[in-house]
Amino acid sequence: MTWFEQARAAEQSGDWDTAIALVSTHAECYSTDHYAHSNHLWHMALLAHAERLTELTDLACTDVHARRRLNRALRDRGMEAMLHERAEDDDRDALYTLIRLLCETDRTEQAGEMVTRTCCQNWGSDSLSVTGAH
């Protein structure tokens, strides 16, 4: 059985430690080898499924794929407060993810307030100008 088959079997049985260990050794972010890059994305997905949010949070400091997967995991788990914190800490993907969640749950007014507050705080009032006029 190849490492790939072993990793898939471990994933399907919920043996996250084994799956993560097998996949991580074959994973590389932004590799020119598309298999290594694909394995990196798989690794991030496995961490989310295993609920290793602390590990994803650590990786998210330098890895855009970990950051996106973390934000999606927070959204899926209804952890709005953490998404809110990440958005206020200048994570634009967290802001986007939070805005989508608010809009999908009919809280568009709250979403608009969040955009206004976060954009003005983190990127200046010019960020709100769609037309470029001030």
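Fair warning: this is a prediction, and the values are worked out from it, not measured in the lab. Below, all heavy atoms of this structure are taken into account, side chains as well, without hydrogens, waters or symmetry copies.
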Are any side-chain N or O atoms of Asp63 and backbone N or O atoms of Leu59, one a donor and one an acceptor, separated by less than 3.5 Å?
-> no
Side-chain donor or acceptor of Glu5 paired with backbone N/O of Thr2 under 3.5 Å | yes
Measure from the side-chain N and O atoms of Asn39 to the backbone N and O of Tyr35, and report whether any donor-acceptor pair falls under 3.5 Å.
-> yes
Minimal heavy-atom distance between Ala94 and Arg86, with the atoms involved, is CB-CB, 3.6 Å
Provide the full list of side-chain hydrogen bond (donor to acceptor under 3.5 Å, both in side chains) pairs with a residue in residues 94-112, sequence neighbours left out, each pair given once.
-> Arg75-Glu104, Glu80-Arg107, Arg100-Glu104, Thr105-Arg107
Rounded to the nearest 0.5 Å, what's the gap from CD on Glu55 to OG on Ser24? Could you check?
-> 8.5 Å
Does any N or O in the side chain of Ser31 come within less than 3.5 Å of the main-chain N or O of Glu28, such that one atom is a donor and the other an acceptor?
-> no
How many angstroms lie between CG in Leu101 and CE in Met79, if you round to the nearest 0.5 Å?
-> 13.0 Å
Charged N-O contact under 4.0 Å between Asp58 and Arg52 = no
Please report the closest heavy-atom contact between Ala60 and Arg67, naming both atoms and the distance.
-> O-NH1, 3.3 Å
Heavy atoms, side chains only, cut-off 4.5 Å: are His40 and His26 in contact?
-> no
Same apolar cluster (I L V M F W Y, side chains within < 4.5 Å links), Trp3/Leu47 = yes
Report the C-alpha separation of Thr18 and Gln6 in whole Å, then their side-chain angles, then the decisive distance to 0.1 Å, and conclude whether the side-chain contact (heavy atoms from CB on, under 4.5 Å) test is met.
-> CA-CA 9 Å; Thr18 300; Gln6 290 174 334; over 6 Å; no
Hey, quick one: are Leu22 and Leu41 part of the same hydrophobic cluster, counting side-chain heavy atoms closer than 4.5 Å, chains of contacts allowed?
-> no
Residue pair Trp16 / Glu11, side-chain heavy-atom distance below 4.5 Å = yes
Heavy-atom closest pair, residues Ala50 and Ile20 = CB-CD1, 3.9 Å
Go through the structure and list residues passing ring-ring contact (aromatic ring centres under 6.0 Å, His included) with Phe4, not counting sequence neighbours.
-> Trp42
Who pairs with His37 by ring-ring contact (aromatic ring centres under 6.0 Å, His included), at least two apart in sequence or on another chain?
-> Tyr30, His65
Check: Glu88 and Leu95 side chains under 4.5 Å, non-hydrogen atoms | no
Does some side-chain heavy atom of Asp17 sit less than 4.5 Å from a side-chain heavy atom of Asp15?
-> yes
Are any of the side-chain heavy atoms of Asp91 and Leu83 separated by less than 4.5 Å?
-> no
